2 protein chains.
Amino acid sequence: MSMPPDAGRIYRRYLSAVLLHGQAGAKACDLGATDLYALNILELSGAMTPGELGTRTGLTTGPTTRLIDRLEAAGYVKRSPDPGDRRKVIVEPVGRPAELDRVLAPARQKIGEILAGYSAEQLETLFDYFTRAAQAYQDAGEHLAGGRPEGE
Amino acid sequence: MSMPPDAGRIYRRYLSAVLLHGQAGAKACDLGATDLYALNILELSGAMTPGELGTRTGLTTGPTTRLIDRLEAAGYVKRSPDPGDRRKVIVEPVGRPAELDRVLAPARQKIGEILAGYSAEQLETLFDYFTRAAQAYQDAGEHLAGGRPEGE
DNA sequence: AGATTTCTCTTCTCTGAGGAAGAGATTAAT
DNA sequence: ATTAATCTCTTCCTCAGAGAAGAGAAATCT
């Protein structure tokens, strides 16, 4: 086998660092856990209605409205009327605001430097992995969220 | 340049998927945001005192005690007396409990399958990246947490 | 030894996020 | 046209989690 002997440990450490950084960044922007969660959903799946967002986050309608209120007030999303159904609203992510970019910039810079050290083939491998892993995590996440809240 | 034309988008999508999955998993285990945050700190930095953990999480002593109470009750950490200083307590992570492993298993399985499809050199590249990126994110995260809570 | 500092824990209070129920507006069904 | 269903939002209530202040135990300093 060509994996490192402590592959699991390395990978776990990597995941923890990514999660930790993401949460620290969110906290620095005064984003609550659910807010970050919702933003990631919107990042992955694009604009959707409040109802859909509420289902995805597992919130009832009241908190969903206030969640969108917070995100809109902070400039992360925008509410637009649905042209086809005037009851509906479309919540669409707006270009990442300056504060979030500023907070995430140091990490992006470091990652950029790391990536710059790889050859063309290596980069191809890495981005192939990013693409596949993103899909895998997204599937696993949706399965988690959509699955049974109570265990077996 | 050998990066894909939409490298930024791919990477952002990847990060969102990882974050989303991590939070969904935590939610499925009834772990609050701070609890997950603390667990990741312990995963990265190993055992430490409540005081240290409180500083890292940005909590005062009261909530820190209760945070550790929660984690201990759920079986994620263990309190031990510090042999060198009997005022102190050492909070050490305990092997991940079954529930968390069960929740994270599907994703680990998928990632394992993806990794199994790469050659030896490709795996070397990937794990090299994991190692470097983990350090980068850890540094950036600590800088975020340790930096000024209020912007300039 | 006595006083001060350090560290953890306890208690009380409070803010903020989430659930429940219902109103208002619009679309679909009869 | 009238009724029913859908979607978002508002209001009220509840509760977990965080801060503040102080107690108790142990180490350090004078």
Side-chain angles (χ1 to χ4, degrees), chain A residues 23-24 26-42 45-74 76-93 145 149-150, chain B residues 20 23-24 26-42 45 47-74 76-93 145 149-150:
Chain A
Q23 281 191 273
K27 189 181 293 185
C29 289
D30 279 314
L31 277 173
T34 304
D35 301 40
L36 176 62
Y37 195 78
L39 280 182
N40 280 322
I41 288 174
L42 288 169
S45 302
M48 64 186 67
T49 66
E52 173 84 10
L53 187 59
T55 302
R56 299 275 204 106
T57 52
L59 295 174
T60 54
T61 66
T64 299
T65 297
R66 296 189 15 182
L67 161 69
I68 299 170
D69 287 346
R70 288 195 302 269
L71 295 180
E72 193 175 33
Y76 294 106
V77 303
K78 182 166 74 82
R79 266 190 254 237
S80 310
D82 183 325
D85 187 337
R86 297 199 310 195
R87 291 169 304 181
K88 292 187 180 175
V89 167
I90 295 181
V91 181
E92 56 185 328
E150 289 302 297
Chain B
L20 203 53
Q23 281 191 274
K27 188 181 295 185
C29 290
D30 278 314
L31 278 173
T34 304
D35 301 40
L36 176 62
Y37 195 77
L39 279 182
N40 280 321
I41 289 175
L42 288 169
S45 303
M48 64 186 67
T49 65
E52 173 83 10
L53 187 58
T55 303
R56 300 275 203 105
T57 52
L59 295 174
T60 54
T61 65
T64 299
T65 296
R66 296 189 14 184
L67 162 69
I68 299 170
D69 287 346
R70 287 195 301 271
L71 295 181
E72 194 174 32
Y76 294 106
V77 303
K78 181 166 75 83
R79 266 189 254 238
S80 310
D82 184 325
D85 187 338
R86 295 202 308 194
R87 293 168 305 180
K88 292 186 180 176
V89 167
I90 295 183
V91 182
E92 56 184 329
E150 288 303 297

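Keep in mind it's a predicted model, so treat the numbers as computed, not measured. Throughout, protein chains are lettered first and strands after them, A, B, ... in sequence-line order, and every chain is numbered starting at 1. We use all heavy atoms of the structure for the numbers below, so side chains are in, but hydrogens, waters and symmetry mates are not.
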Next item on the list: Please determine, for the side chain of Thr49(A), which listed nucleotide (dG18(C), dT8(D), dC9(D)) has the closest atom?
Entry: dT8(D)

Note to self: Mind checking if Gly58(B) touches a base, just sugar-phosphate, or nothing, with heavy atoms under 4.0 Å?
What the structure shows: sugar-phosphate

Notebook entry, point to check: Between Pro50(A) and Val89(A), what is the shortest heavy-atom contact and its length?
Noted result: CD-O, 3.1 Å

Notebook entry, point to check: CZ of Arg56(A) versus C1' of dG18(C): gap in Å, rounded?
Noted result: 20 Å

Item checked: Glu92(A) (side chain) donor-acceptor with Ser80(A) (main chain) under 3.5 angstrom -> no

Checklist line | Closest to the Thr60(B) side chain, choosing from dC9(D), dA20(D), dG19(C) | finding: dA20(D)

Note to self: If I take atom CD1 from residue Ile68(B) and atom CG from residue Asp35(B), how far apart are they, to the nearest 0.5 angstrom?
What the structure shows: 11.0 Å

Check: Heavy atoms under 4.0 Å, any strand shown: does Thr64(A) hit a base, just sugar-phosphate, or nothing?
Finding: nothing

Item checked: Under 3.5 Å: donor-acceptor pair, side chain of Lys27(A), backbone of Thr57(B) -> yes

Notebook entry, point to check: When you check the phosphate oxygens OP1 and OP2 of dC9(D), does a side-chain N or O of Arg79(A) lie under 4.0 Å from one of them?
Noted result: yes

Please enumerate all protein N or O atoms sitting under 3.5 Å from an N or O of nucleotides 21-30 of chain D, with distances to 0.1 Å.
| residue | atom | partner | partner atom | Å |
| --- | --- | --- | --- | --- |
| dA27(D) | OP1 | Arg86(B) | N | 3.2 |

Checklist line | Nearest-0.5 Å distance that lies between atom CG in Leu42(A) and atom CZ in Arg56(A) | finding: 9.0 Å

Next item on the list: Choose from dC9(D), dG19(C), dC9(C) the nucleotide whose nearest atom is closest to any side-chain atom of Val89(A).
Entry: dC9(D)

Next item on the list: Rounded to the nearest 0.5 Å, what's the gap from CG on Leu67(B) to OG1 on Thr61(B)? Could you check?
Entry: 12.0 Å

